[in-house]
Structures are given as C-alpha cells and as structure tokens.
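Take a look at the structure set out below.
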Amino acid sequence: MTVPLSDCAPSRADLAWAIALGGIATVTFAALLYASWHFAGTLFLIFAGILFGVFLNALTELAGRVVGGPHGLRLALVCLVLSGLFVGVAFLGGNTISQQAKALSGTIKMQIVNVKGFLERNGVDTSFLDLGNVGSAAHPETAPSPPRNLPTPGELASGGGAIVSQTLKLILGTIGAVGNFFIVMFLGLAFAAQPEVYRNGLVRLAPRRHRAQAEIVVGKTGDMLKRWLLAQLITMIAVFGVTAIGLSLIGIPGAFILGIQAGLLAFIPTVGAILGGLVIVLAAIASGWIAVLSAFLLFLGVHALESYILTPLIQRQAIDIPPATLFATQILLGIVFGLWGLALALPLMAIGRVVLDHLRGEEPDDGDAPAGIAPLAAMPER
C-alpha cells in the first residue's frame with residue numbers, strides 16, 4: 001500500500017518544524033545555562049536584594065499591625081529603626097568589637113599554629129597547610145629574620161610592583177564589598193517600596209493562560225519567605241544572646257564578638273552552626289581545657305536550642321526540608337558557587353519546593369496558606 005505524496009509532504013514539514021523547534025529550545029536552554037553559570041555572582045546578588053526587600057516588607061506589615069498608616073510611612077519608620085539600631089551598636093560597641101576582633105584573630109592564629117605543631121609532633125604531614133605566614137604572625141619572635149643585605153634595583157622594582165599589586169587588590173576588594181552592600185540595600189528598598197508592582201510584573205511574565213497559577217505560586221513563595229526571614233531573625237538574636245552571655249560567664253575573651261559571629265552564622269543552617277562552634281572552641285583553647293569543655297557544652301546547648309526548640313516552634317510553618325537533603329545541597333552549592341551558594345541554599349531550595357508542590361497539585365497545610373494575597377485583577381494598575 002503506497003502513501004500519496006500529498007500526505008507525505010505535511011508529515012515531513014511537521015517533522016522538520018519539530019526538529020527546528022527542538023534545536024532552538026536546546027540552544028536557548030544551553031545559552032541560559034551558560035549565562036547563569038557565568039553571571040552566577042550577579043544573580044545571587046540580585047536574589048540577596050530580593051530577600052532583603054521581602055524582609056523589609058515583612059517588618060513593614062508587622063509595623064502596620066501596631067501603628068497603622070500608609071505603606072511608605074511604615075517602611076520609612078522600619079528603615080529608621082534599623083538604621084538607629086545599627087548606628088547605636090556601632091557607636092556604643094564599636095571599640096569593644098574592634099578590640100575583641102583583633103584579640104580573637106591573634107588567638108585563633110596562635111591556636112592554629114599549636115594544632116599544626118601537635119600534628120607534626122605526631123608524625124602528620126602538614127605541608128599541605130599553608131600556615132607559614134600564620135605562624136610568623138602569631139609568634140613573630142620565632143620567625144626567621146631575613147638577611148640585611150641591600151636589595152638590588154631589580155628586587156626593589158619587584159617589591160614595589162608587589163606592593164602596588166596587593167594594594168590595588170585590597171582597594172578593589174573593599175570597593176567590591178561596599179558596592180555589593182549598597183546594591184543589596186538599594187534593591188531591597190526598591191522592592192519593599194512597591195511590592196505589588198514587582199509581584200504583578202513577575203506574574204505577567206507568564207503566558208496569559210497561566211497567570212492565575214503563577215499568581216498563586218508567587219503569593220505562596222513570598223509568604224513563605226516572609227515567615228522564614230522573620231523566624232531567622234528571632235533565631236539569630238536568640239543565638240547571639242545565649243552565646244555571648246554564656247561565653248562571658250565561662251570567661252572566654254571576646255565573648256561579644258563571638259556571639260555576633262554565632263548569630264550571623266545562624267543564618268546558614270547546619271554548616272553555620274558547625275563553623276561557629278569551631279571558632280568558639282578554637283578561641284577557648286587559650287583559656288584551658290576546662291574552658292574548652294565548657295565552651296563545647298555551650299555550643300551543644302545552643303545548637304540544641306536552635307534545632308529542637310526554636311526551629312520547631314518558630315519555623316514549623318515556614319520551611320520544612322529534611323536536614324540531610326539541605327546539608328547535601330548546601331555542600332554542593334557551596335563548592336560550585338562559593339559563599340553565595342552556601343548562604344542562600346535554603347531559600348533557593350524552599351522556592352523550588354513551593355513550585356514543585358504546586359505543579360504536583362499538593363495542597364499546603366492550613367498554616368502554610370498565604371495570607372493577604374489579593375487577586376491580580378483587583379490590584380491597581382501601576
């Protein structure tokens with residue numbers, strides 16, 4: 001049985017069109033993947049700005065329950081309070097923080113050198129650890145003195161070039177860090193000032209027939225991030241307070257700065273607690289083994305408080321991700337993208353989970369239902 005040529009022509013055209021579309025889609029996906037990889041730092045910076053905007057918006061909504069008033073006035077009040085707290089901490093405790101940070105840095109460097117010496121005495125090769133400069137900084141009296149010969153002109157030129165290069169790296173690094181800080185601040189303020197505008201714009205990126213579903217996903221995601229950020233703020237403050245007070249009672253030098261670093265690292269689940277505990281134990285070694293044991297027990301107590309009391313009570317309706325899954329994803333993103341990937345792994349996973357749960361048609365619990373999400377049609381056009 002033969003197929004008429006008139007029937008074969010449309011089939012071939014459809015096949016060619018499908019192959020062309022598949023090729024275009026593959027190339028587009030590869031280009032997007034390459035761009036995401038190449039500009040990962042910029043994308044993480046923008047995402048950090050979005051998180052800060054969500055945080056400001058959450059505080060603004062809380063302020064609305066207390067003082068009322070228009071959104072702009074409440075946002076200005078929140079920014080004024082946060083700025084006042086930051087300036088107050090810097091003014092009242094800036095000198096203490098600077099002194100304790102300097103002392104803590106020297107203590108940790110000295111303990112690292114002691115650990116290196118202990119490993120070498122027990123036959124462990126530590127040549128892969130580049131701690132030569134650390135040892136010289138911690139024990140300057142033991143550092144070998146260089147010869148006092150006059151340098152040649154070539155050595156002077158080389159040394160001058162190295163000084164200029166290191167100075168430029170320091171200046172550019174400082175400018176980059178300050179610039180990133182202000183970019184996050186600006187993006188956060190812009191997003192918090194007009195949240196409906198950016199939310200509606202994000203929804204309208206979806207095709208018209210899918211906008212209702214996109215609106216639901218965006219609403220659930222925003223509500224989940226608000227709850228999580230507020231819960232993280234409470235957790236970080238509690239970890240800071242308990243750690244600083246506990247280390248002060250034990251008698252560990254630099255208790256205030258150690259409490260600050262423990263509170264900041266509490267933003268990073270699991271990995272942050274491990275890093276914070278390691279720094280605390282290293283700082284306590286100089287005070288004796290009793291202080292080390294006490295600091296370790298305090299770390300275990302703070303970790304138990306965070307993991308088994310604060311997180312279940314405060315974040316039970318915010319983010320529910322298995323610890324092993326979270327830890328594996330943190331390690332993966334940390335290796336691939338560095339500090340950005342490690343710090344922002346949890347909110348990225350939470351957003352992905354919201355999207356996947358919606359696509360699979362799974363309904364959230366009653367406490368997970370987004371509150372205050374107005375229909376897109378009822379929102380004013382901007």
Side-chain angles (χ1 to χ4, degrees), residues 44-90 180-205 214-241 263-264 266-267 310-311 313-319 343-344 346-348 350-351 354 364 366-382:
F44 277 117
L45 189 66
I46 295 174
F47 183 65
I50 295 174
L51 284 180
F52 183 63
V54 172
F55 173 70
L56 291 178
N57 192 33
L59 292 181
T60 303
E61 292 181 357
L62 286 180
R65 300 178 182 179
V66 179
V67 299
H71 179 82
L73 181 61
R74 287 183 277 120
L75 177 61
L77 178 62
V78 167
C79 293
L80 184 63
V81 171
L82 292 178
S83 300
L85 290 175
F86 180 79
V87 173
V89 170
N180 291 341
F181 174 79
F182 281 105
I183 288 174
V184 172
M185 295 296 105
F186 173 78
L187 290 176
L189 288 172
F191 290 139
Q194 295 178 311
E196 292 90 359
V197 172
Y198 294 100
R199 188 178 65 191
N200 291 348
L202 184 61
V203 169
R204 289 192 174 95
L205 291 177
E215 179 187 356
I216 296 175
V217 173
V218 171
K220 290 179 180 179
T221 302
D223 188 64
M224 176 271 301
L225 289 177
K226 289 177 186 177
R227 292 197 306 268
W228 175 71
L229 287 170
L230 291 177
Q232 281 295 101
L233 177 63
I234 297 174
T235 302
M236 292 167 67
I237 293 175
V239 170
F240 157 72
L264 293 177
F267 182 82
L310 294 178
T311 298
L313 289 178
I314 300 176
Q315 300 192 22
R316 65 181 183 273
Q317 294 180 352
I319 296 178
L344 301 178
L346 180 57
L348 287 174
I351 294 174
V354 170
D366 295 338
D368 295 337
I373 305 299
L376 183 62
M379 294 181 181
E381 295 290 339
R382 299 295 181 110

* When you look at Leu348 and Phe47, which way does the side chain to side chain contact (heavy atoms under 4.5 Å, CB included) test go after all the steps? -> CA-CA 9 Å; Leu348 287 174; Phe47 183 65; 3.8 Å; yes
* Please name the pair of heavy atoms, one in Arg74 and one in Gly69, separated by the smallest distance, quoted to 0.1 Å. => NE-O, 2.9 Å
* Asked: Going from CG on Leu202 to CD1 on Ile50, what distance comes out if it is rounded to the nearest 0.5 angstrom?
  -> 8.0 Å
* **Beyond-backbone contact of Asn180 with Val184, side-chain heavy atoms, under 4.5 angstrom** => no
* Structure fact -> Exactly one of Asp223, Thr221, Leu225 clears side chain to side chain contact (heavy atoms under 4.5 Å, CB included) with Val354, and that residue is Thr221
* Identify the heavy atoms of Ala266 and Met236 that sit nearest to each other, and give their distance. => CB-CG, 4.0 Å
* Asked: Does the side chain of Leu82 reach to within under 4.5 Å of the side chain of Leu59, using non-hydrogen atoms?
  -> yes
* Asked: Between CD of Glu196 and CG of Asn57, what distance do you get to the nearest 0.5 Å?
  -> 7.5 Å
* Between Glu215 and Arg204, is there a donor-acceptor pair closer than 3.5 Å when you use the side chain of the first and the backbone of the second? -> no
* CG on Leu56 to CE on Met185, rounded to 0.5 Å -> 7.5 Å
* Considering non-hydrogen atoms only, spot the tightest contact between Trp228 and Pro347 and give its length. => CH2-CD, 3.8 Å
* Polar side-chain atom of His71 near backbone of Ala192 as donor-acceptor pair, under 3.5 Å -> yes
* To do: Drop me the distance from Leu51's CG to Ile46's CD1, to the nearest 0.5 angstrom.
  => 12.5 Å
* Kindly give the heavy-atom pair with the smallest separation between Arg199 and Val218, and that separation in Å. => CG-CG1, 3.3 Å
* How far does CG of Leu189 sit from CZ of Phe52, to the nearest 0.5 angstrom? -> 6.0 Å
* Structure fact -> Minimal heavy-atom distance between Gly222 and Val54, with the atoms involved, is O-CG1, 4.3 Å
* Asked: Is Leu45 close to Leu187 at the side-chain level, that is, under 4.5 Å between some pair of heavy atoms?
  -> no
* For the atom pair CG (Leu75) and OG1 (Thr60), what is the distance rounded to the nearest 0.5 Å? -> 4.5 Å
